[in-house]
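Not measured: the values here are computed from a predicted model.
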Amino acid sequence: MSSGAVPFDVASVLREVKMIRAEGLVRIRDLSLPLLRQAAAARSAAVTDAWPVEVENLLRTALSGLGGGDLQEAAGLTLGLAPGMRDRPAADRRRLAAKVYSVSVERFRKSHEEMVLGQIAEQICWIAGTRVGGTDALPVPLLAPYLQHRALSVGPVSLTLHVHPVELLRDVDVIVSPLNTHLSLPEMYKASVPAALRRAGALRDATGDVIADPVHDELLDWRAANGMRGRPVLPGTVAPTGPGALAAGGVRRIYHAAVAVPRSGTNDYDVTPQDVTAAAARALALMDEERDGFGPPLRSVCFPLLGAGRGGLPPQTSISALWAALAADSAPDRDVHLVVRRPSLADLVTDVLRARRLHRAGDELPDHEETGHRCV
């Protein structure tokens, strides 16, 4: 950086982003925003008095980098970047953003808002070409650890490991979602893969209110059509539905995999590795059955770590059980993806698959198993 530049770090950028959230876009000129002004000026060839417009354009560029879905929608609302929100009071913007995640305003303020605005700040640091915390660093892109994907290879099987919330997946034909044997979806506000997919698949009006719940409704229809209303399915059963609003991101099917058996009289579940393997194998077989009914044919599929959430299955056990089905898959052109939320889980998955490869090859591998490590 030049000697007159202000040092960048995500926490400092986040403080300025929060000031804009509180005061609104129409009051940017009245705020002290040295970091945002510096980042915005770096993107503009002209030096003008229109810096508030440049800062707003910077925010819009950061917003577009969030990949769509609930995250981008909530960020646009709370910062006033969504259509018609520019001059709305901060309380109104927060209320509408909370509706996106189907949580109370207070819960959104304490939890979701910090995450949403923090990701805007990360994007701005990336745009500014500055390494987090580096006051004398070379201008290199910031790699957001929650928005990665890694290309992995184990024997003849290649796959992509995503590190981000499942609802941020784009252009994947089929998402496999873990579910209980009653095929009962959790409420939208819950913190689980099926809740996130239900929430992201919901249709909303201009104010953010849910007007249709297609993933839930189609699952009810499947249960009725298959004589399963009011009674559980066998573990390993897979029920297909459409993606609802996720279709806008290129998702074409959700396969609901019954892997969690409710434990009577408790809020707990039992999950076995055998049921995870059976459900994954059934999902792949169902994909082959449905493949040619779509144009273009279904080709890509993404698995979370089935049973490793409320099901209580250790993550390494889940990936090993999944791998038993993936390694036996005979489709030559299947595009396989895995998704986890945290980099620590991604590292664990990488280690487990590396161990599988070592076992298969019978010798040591180079330290760099990943063939790629990129932002999505």
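- The heavy-atom pair separating L31 from W51 by the smallest distance is O-CH2, 4.0 Å.
- Scanning both residues, P214 and G244, for their nearest heavy atoms gives CG-CA, 3.7 Å.
- Hydrophobic clustering (side-chain heavy atoms under 4.5 Å, transitive across Ile, Leu, Val, Met, Phe, Trp, Tyr) keeps V100 apart from M188.
- Linking Ile, Leu, Val, Met, Phe, Trp and Tyr whenever their side-chain heavy atoms come within less than 4.5 Å leaves V172 and L161 in two separate clusters.
- When atom types are taken as modelled, the side chain of S111 and the backbone of R107 share no donor-acceptor pair closer than 3.5 angstrom.
- At least one side-chain heavy atom of L79 sits less than 4.5 Å from a side-chain heavy atom of I120.
- A heavy-atom distance below 4.5 Å is not found between the side chains of V251 and D173.
- Closest of all the heavy-atom pairs between L322 and F303 is CD2-CD2, 3.7 Å.
- Counting all heavy atoms, side chain and backbone alike, R252 lies closest to F294 at NH1-CB, 3.6 Å.
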For this session: Apply the test side-chain contact (heavy atoms from CB on, under 4.5 Å) to residues R21 and R93: give CA-CA distance (whole Å), side-chain angles for both, the deciding distance (0.1 Å), then the verdict.
Result: CA-CA 9 Å; R21 192 221 66 82; R93 289 185 272 112; 4.2 Å; yes
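- Within a 6.0 Å radius of CZ in R170, other residues, nucleotides and ligands contribute more than 12 heavy atoms.
- With rounding to the nearest 0.5 angstrom, the CG atom of L66 is 8.5 Å from the CG atom of L168.
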For this session: Take T237 and T181, measure what side-chain contact (heavy atoms from CB on, under 4.5 Å) needs, and give me the verdict at the end.
Result: CA-CA 8 Å; T237 299; T181 51; over 6 Å; no
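- Salt-bridge annotation for E187 and K190: absent, with no side-chain N of the basic residue lying under 4.0 Å from a carboxylate O of the acidic one.
- Using cut-offs of 30° and 60° on the angle between ring planes, the pair H112 and F108 is parallel.
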For this session: Please step through side chain to side chain donor-acceptor pair (under 3.5 Å) for the pair E73 and Y101, ending with a clear verdict.
Result: CA-CA 10 Å; E73 183 181 359; Y101 286 102; over 6 Å; no
For this session: Could you give me the CA-CA distance, side-chain angles and deciding distance for L14 and E114, then say whether side-chain contact (heavy atoms from CB on, under 4.5 Å) is met?
Result: CA-CA 9 Å; L14 178 58; E114 186 78 13; 3.5 Å; yes
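- Separating the CG atom in L63 from the CD1 atom in I124 is a distance of 10.0 Å, to the nearest 0.5 Å.
- A distance of 6.5 Å separates CZ of R88 from CZ of R95, quoted to the nearest 0.5 Å.
- Within the 4.5 Å cutoff, the side chain of I20 has heavy atoms near those of the L33 side chain.
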For this session: Apply side-chain contact (heavy atoms from CB on, under 4.5 Å) to E290 and L286, showing your working.
Result: CA-CA 6 Å; E290 293 195 328; L286 179 60; 4.1 Å; yes
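- The CD1 atom of I28 sits 8.5 Å away from the CG atom of L36 when rounded to the nearest 0.5 Å.
- By the criterion of side-chain heavy atoms lying less than 4.5 angstrom apart, applied directly or through intervening Ile, Leu, Val, Met, Phe, Trp or Tyr residues, M287 is grouped together with V176 in one hydrophobic cluster.
- Taking 4.5 Å as the limit, some side-chain heavy atom of P178 sits within range of a side-chain heavy atom of V193.
- Taking OG of S177 as the reference point, atom CG of L197 lies at 5.0 Å (rounded to 0.5 Å).
- Although no hydrogens or angles enter the test, the distance criterion places a donor-acceptor pair under 3.5 Å between the side chain of E16 and the main chain of L35.
- Note: the hydrophobic cluster containing V301 also contains I319 (ILVMFWY, side chain heavy atoms under 4.5 Å, direct or indirect links).
- Residues L338 and H162 form no side-chain contact, since every pair of their non-hydrogen atoms from C-beta on lies 4.5 Å or further apart.
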Exercise. Please walk me through it: do S300 and H337 pass side chain to side chain donor-acceptor pair (under 3.5 Å)?
Worked result: CA-CA 7 Å; S300 55; H337 300 249; 5.0 Å; no
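- Proximity of V340 to P304: side-chain heavy atoms (C-beta onward) are nowhere separated by under 4.5 Å.
- Heavy-atom minimum distance, N180 versus P262: CB-CG, 4.4 Å.
- Using modelled atom types, one side-chain atom of E218 and one backbone atom of G242 make a donor-acceptor pair closer than 3.5 Å.
- At distances below 3.5 Å, at least one donor-acceptor pair connects side-chain atoms of S318 with backbone N or O atoms of L306.
- Note: R342 CZ to L348 CG = 10.0 Å, rounded to the nearest 0.5 Å.
- Judged purely by atom type and a 3.5 angstrom limit, T317 has no side-chain atom pairing as donor or acceptor with the backbone of L313.
- The shortest non-hydrogen separation linking V215 to H256 is CG1-CE1, 3.6 Å.
- The hydrophobic clustering, which links ILVMFWY residues whose side-chain heavy atoms are closer than 4.5 Å, places V105 and V103 apart.
- No donor-acceptor distance shorter than 3.5 angstrom exists from the side chain of R229 to the backbone of A225, with no hydrogens or angles considered.
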Exercise. Stepwise, does the salt bridge (charged side-chain N to carboxylate O under 4.0 Å, His left out) test hold for D209 with R204?
Worked result: CA-CA 5 Å; D209 290 323; R204 302 173 186 271; over 6 Å; no
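- Taking 4.5 Å as the limit, some side-chain heavy atom of M85 sits within range of a side-chain heavy atom of L96.
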Problem set entry | Stepwise salt bridge (charged side-chain N to carboxylate O under 4.0 Å, His left out) test for R29 and E23 | CA-CA 10 Å; R29 186 175 289 277; E23 299 298 330; over 6 Å; no
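- Heavy-atom contacts from other residues, nucleotides or ligands closer than 6.0 Å to CG of D30 number more than 12.
- Side-chain N or O atoms of R310 include none that pairs as donor or acceptor with a backbone N or O of Y269 at under 3.5 Å.
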Exercise. Stepwise, does the salt bridge (charged side-chain N to carboxylate O under 4.0 Å, His left out) test hold for R86 with E56?
Worked result: CA-CA 11 Å; R86 183 183 189 83; E56 180 178 338; 2.7 Å; yes
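- A 4.5 Å side-chain heavy-atom check between R15 and S12 finds at least one atom pair inside the cut-off.
- By the 4.0 Å N-to-carboxylate-O rule, E289 lies close enough to R282 to be salt-bridged with it.
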For this session: Test R354 against D347 for salt bridge (charged side-chain N to carboxylate O under 4.0 Å, His left out), laying out the working first.
Result: CA-CA 10 Å; R354 182 176 184 274; D347 293 340; over 6 Å; no
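- Formation of a donor-acceptor pair under 3.5 Å by the T78 side chain with backbone atoms of R94 is not found in this model.
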